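What follows is a set of notes on a single structure, which appears directly below.
Just so you know, these numbers come straight off a predicted model, no measurement behind them.
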Amino acid sequence: MKTLVMKFGGTSVGSAEAIAQSAEIVKAAKNDWLAVAVIVSAMSGVTDLLLKGAHTAAAGDGQTFRAIARDLRAKHEAAFHGLVGAIRVGAVHESPLQDRILPCLAEFESLCHAVNILGEGSPRALDAISSLGERMSIHLMAARLQALGLAAEAVEAGELILTDDVFGSANPQMNETKARCESRLREKMHRGEVPVITGFIGATASGAVTTLGRGGSDYSAGILGAALGADEVWIWTDVNGVMTADPRVAADARTLPRLSFREISELAYYGAKVLHPKTIRPVVERGIDLWIKNTFNPAHPGTLIVPDNGHTQGAIKAVTAIKSQSLITIEGRGMLGVPGVAARTFGAVARAGVSVPLISQASSEQSICFSVPSPSHAKVVAVLQEEFRPELARTDIDSVSSMDNTVIVTVVGAGMRSTPGIAGRIFSALGNRNVNVIAIAQGSSECSISLVVDAAQADEAVKAIHQLIVNEQ
Ligand code: ADP
Ligand code: ASP
Ligand code: MG
């Protein structure tokens, strides 16, 4: 059975008009595909507000979450009435607003109240709270699809996606998830029903709600696409596919019609928000076609992600940036030739639970530097000072330092491997604009080169490199 999984992001369900537009897209797809499953994000901005409510409550503020609940109620009511106003939901017997959405907001208030009394929000509590955006938005989309005459059913992914209990970035257990999708959805989809499933969330074996990480609705689409054995997964967002740079930074960014798995992986991993990096693996492994398309310009073909076949055109394809990074440096002449410094460094960082997106070591072995997300920098410096206490005392290691306010800028393109002189062109372009490069790393795949620059120069660096891409085309 030809199966299509479509995911609509926050802006694509951000208002009554956007939901109406997304619903038209589903209806059109339903004409062409035998089975369609829809995954939706929370309305844009909602997850941030839910988390703000939780954090302020944990910090002792008993009022802000109540004000947020009122704002969220107004937002969802406006969307619901906007949708119902456009087409009467005469066929809908229950009121999704009263019966489904408002109870989520009551749950939000009582969870925040509990967090407020306890004075802390555990990862489990934060997941329960941040999951509520998707648990509301599915009802808006399902109501609209029903109004268009489709047999749509809102489904919470806690029923489908079984995860471990790593709250905040839970991992799916695919076999059980597949079995649940089969039994819960397959037959209904066969009959033409369209499940409208919460993105972003899953549940543990004991039924506790988990989240897959911020921006994780894309990952939900990958997981459910794989579990349903979909032929294609389409990610609907607010730009014309994956572009040569974030169009918010480089106004002349262009759509990349095709991008290989490796290229999109590097781009997503190094900060291109358009696709969550974990989305890619489940679909690549099963050879599922992955498209990124624009809800607000559906006639545009968008971007197709293709297998790595080596036939990519152009050397530099795209440039991206990860903001709010700190560059940690360990240096000292006594490190020279001493085995195990790198292993101890990254062992200590891993024990602190921090992941490292970039590492660079000079061949003199007198320093190692690596990047970590800024909120973790103090923790990382502390664990390293502890780890190397004897070496610091003997001054074999002179210092463990952190440079804050840095950004990793990454240039991506599989064709860079076979094109000499790329690094030279990149550094000249940056030099010409007076951008100072603090550290460099190139993966052995040569599919990407990453540079660390000061945050104040990050946009300039992206624009300078983007100009190289524009000139090449
Ligand atoms: P959604 O809510 O649909 O998941 P996101 O905001 O998570 O949307 O991702 C889409 C945004 O990603 C775009 O609006 C754009 O600003 C940003 N973005 C960053 N890098 C790129 C890129 N290379 N191509 C396209 N969009 C990008
Ligand atoms: N709503 C979630 C978030 O804001 C997931 C998503 O939008 O992909 O992170
Ligand atoms: Mg997103």
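- Taking 4.0 Å as the cut-off between side-chain N and carboxylate O, Asp218 and Lys7 count as a salt-bridged pair.
- No donor-acceptor pair closer than 3.5 Å links the side chain of Thr204 to the backbone N or O of Thr163.
- A donor-acceptor pair under 3.5 Å is absent between the side-chain atoms of Ser450 and the main chain of Ile408, judged by distance alone.
- Looking at Arg184 and Glu153, a side-chain N of the basic residue comes within less than 4.0 Å of a carboxylate O on the acidic one, giving a salt bridge.
- Taking the charged nitrogens against the carboxylate oxygens, Glu176 and Arg180 do have a contact shorter than 4.0 Å, which makes a salt bridge.
- Residues Leu148 and Glu24 are in side-chain contact: their nearest non-hydrogen atoms beyond the backbone lie under 4.5 Å apart.
- Although no hydrogens or angles enter the test, the distance criterion places a donor-acceptor pair under 3.5 Å between the side chain of Thr244 and the main chain of Arg254.
- Using a cutoff of 4.0 Å between basic side-chain nitrogens and carboxylate oxygens, Lys323 and Asp459 are scored as salt-bridged.
- Here the side chain of Arg186 pairs a donor or acceptor atom with the backbone of Leu228 at under 3.5 angstrom.
- Looking at heavy atoms from C-beta onward, Gln325 lies out of side-chain contact with Val407 at the 4.5 angstrom threshold.
- The aromatic rings of Trp33 and Trp234 sit perpendicular to each other, their planes meeting at more than 60°, with 30° as the lower class boundary.
- Checking side-chain atoms of Thr320 against main-chain N and O of Ala272 turns up a donor-acceptor pair under 3.5 Å.
- More than 12 heavy atoms of other shown residues, nucleotides or ligands fall within 6.0 angstrom of atom NZ in Lys278.
- The shortest side-chain heavy-atom distance between Val115 and Glu120 does not fall under the 4.5 Å cut-off.
- Panel note: side chain Tyr270, backbone Pro357; a donor-acceptor pair is recorded below 3.5 Å.
- Ring orientation note: the planes of Phe65 and Phe108 are nearly perpendicular, at an angle over 60° on the 30°/60° scale.
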